[in-house]
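Letters A, B, ... mirror the listed sequences (proteins, then strands); counts begin at 1. Computation of the quantities below employed the complete heavy-atom set of this structure, encompassing side-chain atoms and omitting hydrogens, waters and symmetry-equivalent molecules.
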Protein chains: 2
Amino acid sequence: MAGVAGVSTATAGRVLGGYGKVSETSRRKVEEAAQRLGYRANGLARSLIQGSTETIGVIVTDVGNSFFASAVRAIADEVRAAGYEMLLANTDADPQTEQRALRMMWEKRVDGVIIAPQGSGSVGHLRPLVDDGLPIVLLDRPLATLPEVDQVIINNTSCARSAVNHLIELGHRHIAVISEAAHDFPRLRSVTLAGGDAERPSAARLVGYLAALRRAGIDADEDLVVHSPYNRAAAERAVLGLLRRRPEVTAIFCTDNVLTSGAVAAIQRSGRRCPDDLSVIGFDDQDWTTLVRPQLTVVRQPRYELGSAAAHRLLQRIEERRSAPNNRSRAENTASGDAPKIQEAQRLVLRGRLIKRASTGPIPPG
Amino acid sequence: MAGVAGVSTATAGRVLGGYGKVSETSRRKVEEAAQRLGYRANGLARSLIQGSTETIGVIVTDVGNSFFASAVRAIADEVRAAGYEMLLANTDADPQTEQRALRMMWEKRVDGVIIAPQGSGSVGHLRPLVDDGLPIVLLDRPLATLPEVDQVIINNTSCARSAVNHLIELGHRHIAVISEAAHDFPRLRSVTLAGGDAERPSAARLVGYLAALRRAGIDADEDLVVHSPYNRAAAERAVLGLLRRRPEVTAIFCTDNVLTSGAVAAIQRSGRRCPDDLSVIGFDDQDWTTLVRPQLTVVRQPRYELGSAAAHRLLQRIEERRSAPNNRSRAENTASGDAPKIQEAQRLVLRGRLIKRASTGPIPPG
DNA sequence: CGACACAGTGAGAACCTTCTCACTGATTGC
DNA sequence: GCAATCAGTGAGAAGGTTCTCACTGTGTCG
């Protein structure tokens with residue numbers, strides 16, 4: 001490249017990289033040569049020397065899920081505006097896959113990572129990156145044992161509580177919840193309302209459900225806390241089973257978008273009329289919730305904003321680190337007592353809210 | 001790194017990279033040092049020297065759209081299985097954004113690109129990459145002027161034709177279509193059935209609509225070819241306008257998933273009963289189409305498979321190129337008559353099909 | 001006229017790998 | 001006993017940038 005233009009690599013670099021001073025003559029020579037050769041900068045070499053790739057990693061469980069699709073879209077927008085790019089990976093909630101993705105991104109030297117961690121097992125994968133000073137933001141799922149990392153989440157517990165409150169106010173007493181975290185019921189029972197949002201979303205919502213019942217003086221019935229694997233068909237079966245098993249149930253709270261569609265399908269198949277026989281509240285305001293009849297009462301979560309906020313936060317951290325890269329720690333086993341870097345993690349809680357529509361109504365007479 | 005282990009960089013490289021021969025002693029020394037230092041390979045340096053990044057670029061208009069969300073998910077799966085990673089960008093159908101994304105990915109030295117091009121303007125952006133020998137696969141949208149590039153598309157035209165045929169068989173004569181390509185109606189009128197799939201999807205589907213009408217001897221009425229911008233609210237307004245303007249319409253064919261939801265919303269608001277007053281066919285079998293009443297007759301397109309196939313094709317091309325990198329052309333203006341590299345582009349057409357459900361029925365009496 | 005600032009330039013180090021080549025010392029084959 | 005093989009190793013180039021440093025020549029100021 002430089003050879004063709006008849007100047008040194010230094011000068012060519014100055015023109016192409018837009019730094020330093022170059023005479024008009026050399027500039028023209030280089031630009032012409034670049035044009036002729038179809039030159040494109042080698043981002044790898046640039047990143048290698050500059051120590052930054054202008055790329056972030058995004059790890060979610062499934063972009064095919066509309067919730068993450070929206071969040072990822074938001075991240076992409078934010079990131080693009082900052083001139084960055086985005087490496088995307090799905091984990092399907094598999095720890096191994098998560099670890100591998102994290103590792104690869106780390107080796108590819110991403111400038112930061114936004115991750116919806118699979119669970120507490122993720123801490124082990126994340127730890128080395130955190131210690132290395134890589135900016136990380138937790139999306140949608142907090143990690144109690146990783147308090148030094150920023151997180152952006154939804155106030156799931158109080159959202160769930162207001163949803164269930166709404167049902168209680170309508171007179172319902174036999175309120176079922178369909179949840180991926182049902183097996184955790186015994187433990188979650190003793191989690192306080194305030195502590196709920198430290199759990200993963202499905203658990204946090206279950207905590208909200210329990211809190212609402214407790215406040216109303218209703219005993220939580222374990223049999224009404226219905227577990228379902230995370231797919232529509234399973235949710236449909238689970239709800240169908242519930243309705244057969246416990247016909248006195250007059251309301252169902254769904255804790256998630258895919259469980260919601262399964263529940264709606266089940267109710268339609270069960271022949272129960274909604275909301276006359278049965279009230280339903282869905283989670284996550286997908287676009288079809290106004291197309292079904294009755295229109296669905298749902299908890300709307302700001303999923304796009306969740307992504308934006310996470311990306312914004314991450315970019316800010318990257319910027320901070322760039323201007324003060326002293327804390328590239330790689331903590332050796334120094335026996336020094338106090339940690340010098342008080343990174344001060346930020347925890348951003350976005351607020352979802354209940355949208356009352358036609359799928360919830362007063363309890364059936366009798 | 002090597003220093004700490006007390007061996008040369010060469011030996012360290014051999015251990016860490018897993019090539020060449022190393023004694024057990026050195027291996028242990030290096031591994032121990034790596035462990036202690038928290039060593040991770042620098043993918044940038046590796047890629048720089050090896051000339052491959054194990055990363056592909058994916059460019060779609062919007063991952064937030066469920067169609068692309070599925071396709072991207074599929075690509076991610078395929079790519080992960082091959083040990084690659086995926087750089088993702090959205091264009092919102094903006095040529096500038098597309099060009100920028102393509103440029104950045106190119107500079108970052110992706111090994112290949114899967115792109116749903118914005119339109120004929122994309123050819124200009126793509127041309128240099130193609131000439132440079134970068135493997136590229138066109139997703140969902142063909143590009144007539146770029147015949148040397150692989151493409152993976154849906155048989156949109158015949159899907160649309162069977163949908164409209166279905167309506168015709170039911171007795172409908174006043175069949176409206178709602179399409180993003182409506183303004184192109186005059187030109188598309190003269191496109192043959194066979195040529196339809198060379199158009200972008202919305203146009204291809206319009207061609208299918210026209211072909212079905214033509215075969216049935218029905219004159220296409222330009223006023224029934226309704227244009228709508230690409231969002232649900234606009235589609236809803238457009239359909240509402242249509243129903244007011246042309247009450248004799250008894251069937252509507254939607255050419256796209258977001259237009260479908262707009263149309264369904266409009267019909268519900270219009271007070272017309274479906275399918276008694278009005279039959280509807282949607283495009284793309286989203287999960288809610290069985291939750292609305294009546295359940296929607298739709299054209300189902302294999303969107304996941306579309307992504308898989310594209311990724312599969314691309315990885316294959318990358319593999320081919322790796323084993324025979326001679327065709328790294330950078331075609332200088334050689335006046336030689338014949339092209340030596342008969343790359344033989346592949347064009348893969350996946351088949352969608354009509355799923356008949358309850359939203360289509362015989363024409364209303366009278 | 002000498003000291004100095006300053007624009008423009010090139011040489012070369014650095015970034016971190018991979019990979020070729022040459023070398024040592026030991027073993028094998030004849 | 002000597003050549004040939006072979007395992008194991010290190011030196012150093014290459015990959016394409018960025019960036020520091022030193023240098024030249026021109027103009028400016030005292």
Side-chain angles (χ1 to χ4, degrees), chain A residues 1-34 37-55 83 103-111 132-134 322 325 328 330, chain B residues 1-34 37-55 83 103-111 132-134 322 325 328 330:
Chain A
M1 167 61 216
V4 178
V7 296
S8 70
T9 65
T11 303
R14 278 186 264 260
V15 175
L16 269 9
Y19 53 90
K21 329 196 153 187
V22 206
S23 71
E24 203 42 49
T25 325
S26 318
R27 155 158 289 119
R28 236 189 323 258
K29 273 198 290 187
V30 172
E31 276 170 354
E32 192 192 321
L37 296 178
Y39 173 84
R40 75 195 139 130
N42 188 320
L44 296 172
R46 172 177 296 158
S47 294
L48 183 58
I49 193 169
Q50 297 203 134
S52 100
T53 51
E54 239 83 296
T55 302
R103 177 98 205 166
M104 289 193 76
M105 288 177 178
W106 197 28
E107 292 194 348
K108 292 206 167 117
R109 293 304 197 266
V110 292
D111 291 343
D132 199 47
L134 186 73
R322 182 177 309 222
R328 182 176 292 198
R330 187 61 227 150
Chain B
M1 169 61 215
V4 179
V7 297
S8 70
T9 65
T11 304
R14 277 185 265 258
V15 176
L16 271 9
Y19 52 91
K21 330 196 152 182
V22 205
S23 71
E24 204 42 51
T25 326
S26 320
R27 155 159 289 118
R28 234 186 327 253
K29 275 197 290 186
V30 172
E31 276 169 354
E32 193 191 319
L37 297 176
Y39 173 85
R40 73 196 139 128
N42 188 319
L44 297 173
R46 174 176 296 159
S47 294
L48 184 58
I49 193 170
Q50 298 203 133
S52 99
T53 51
E54 239 82 299
T55 302
R103 177 97 204 167
M104 289 192 75
M105 289 177 176
W106 197 27
E107 292 194 350
K108 291 206 167 115
R109 293 304 197 266
V110 293
D111 291 343
D132 200 45
L134 186 74
R322 182 177 310 221
R328 182 177 291 195
R330 185 63 224 149

- With sequence neighbours left out, what residues match A:Arg46 under side chain to side chain contact (heavy atoms under 4.5 Å, CB included)? A:Ala41, A:Gln50, B:Glu107
- Message: Which residues pass the side chain to side chain contact (heavy atoms under 4.5 Å, CB included) test with B:Thr55, not counting sequence neighbours?
- Response: A:Leu87, A:Lys108, B:Thr53, B:Glu85, B:Leu87, B:Val110
- Message: Applying salt bridge (Lys or Arg N to Asp or Glu O under 4.0 Å) as the test, list every pair that has at least one member in residues 6-22 of chain A; sequence neighbours left out.
- Response: none
List every contact pair, protein side and nucleotides 7-10 of chain D side both N or O, where the distance is under 3.5 Å.
unit_1	atom_1	unit_2	atom_2	d
D:dA7	OP2	B:Lys21	NZ	2.7
D:dT9	OP1	B:Ser23	OG	2.8
D:dT9	OP1	B:Ser26	OG	2.5
D:dT9	OP2	B:Ser23	N	2.7
D:dT9	OP2	B:Ser23	OG	3.0
D:dT9	OP2	B:Ser26	OG	2.9
D:dG10	OP2	B:Ser8	N	3.0
D:dG10	OP2	B:Ser8	OG	2.9
D:dG10	OP2	B:Thr11	OG1	2.6
D:dG10	N7	B:Arg14	NH2	2.8
D:dG10	O6	B:Arg14	NH2	3.4

From [atom1] of [X] over to [atom2] of [N], roughly how many Å is that when rounded to an integer?
{"X": "B:Leu37", "N": "C:dC16", "atom1": "CG", "atom2": "C1'", "result": "15 Å"}
{"X": "B:Lys108", "N": "D:dT17", "atom1": "NZ", "atom2": "C1'", "result": "15 Å"}
{"X": "B:Arg40", "N": "C:dC15", "atom1": "CZ", "atom2": "P", "result": "15 Å"}
{"X": "A:Ile49", "N": "D:dT20", "atom1": "CD1", "atom2": "C1'", "result": "11 Å"}
{"X": "A:Leu48", "N": "C:dA14", "atom1": "CG", "atom2": "C1'", "result": "9 Å"}
{"X": "B:Leu44", "N": "D:dA14", "atom1": "CG", "atom2": "P", "result": "22 Å"}

- Note on the structure: Heavy-atom nearest pair, B:Met104 first then A:Gly83, reads CE-O, 3.4 Å
- Shortest non-hydrogen contact between A:Asp111 and A:Glu54, atoms and distance: OD2-N, 2.8 Å
- Query: Which nucleotide in the list C:dT18, C:dC16, D:dT17 gets nearest to the side chain of B:Asn42?
  - Reply: C:dC16
- Query: Is there a side-chain polar atom (N or O) of A:Gln50 under 4.0 Å from OP1 or OP2 of C:dA14?
  - Reply: no
- Axis-to-axis angle across the helix from C:dC1-D:dG30 to C:dC30-D:dG1, five pairs an end, to 10 degrees? 50°
- Sequence neighbours excluded, the answer for side chain to side chain donor-acceptor pair (under 3.5 Å) partners of B:Ser47 is none
- Mind checking what makes side chain to side chain donor-acceptor pair (under 3.5 Å) contact with A:Arg40, not counting sequence neighbours? B:Asp132
- Contacts of type salt bridge (Lys or Arg N to Asp or Glu O under 4.0 Å), residue A:Arg27, not counting sequence neighbours: A:Glu31
- Query: When we call it a touch if two heavy atoms are under 4.0 Å apart, what does B:Arg109 touch: a base, just sugar-phosphate, or nothing?
  - Reply: nothing
- Item | Between CG on residue B:Leu48 and CG on residue B:Asn42, distance to nearest 0.5 Å | 9.5 Å
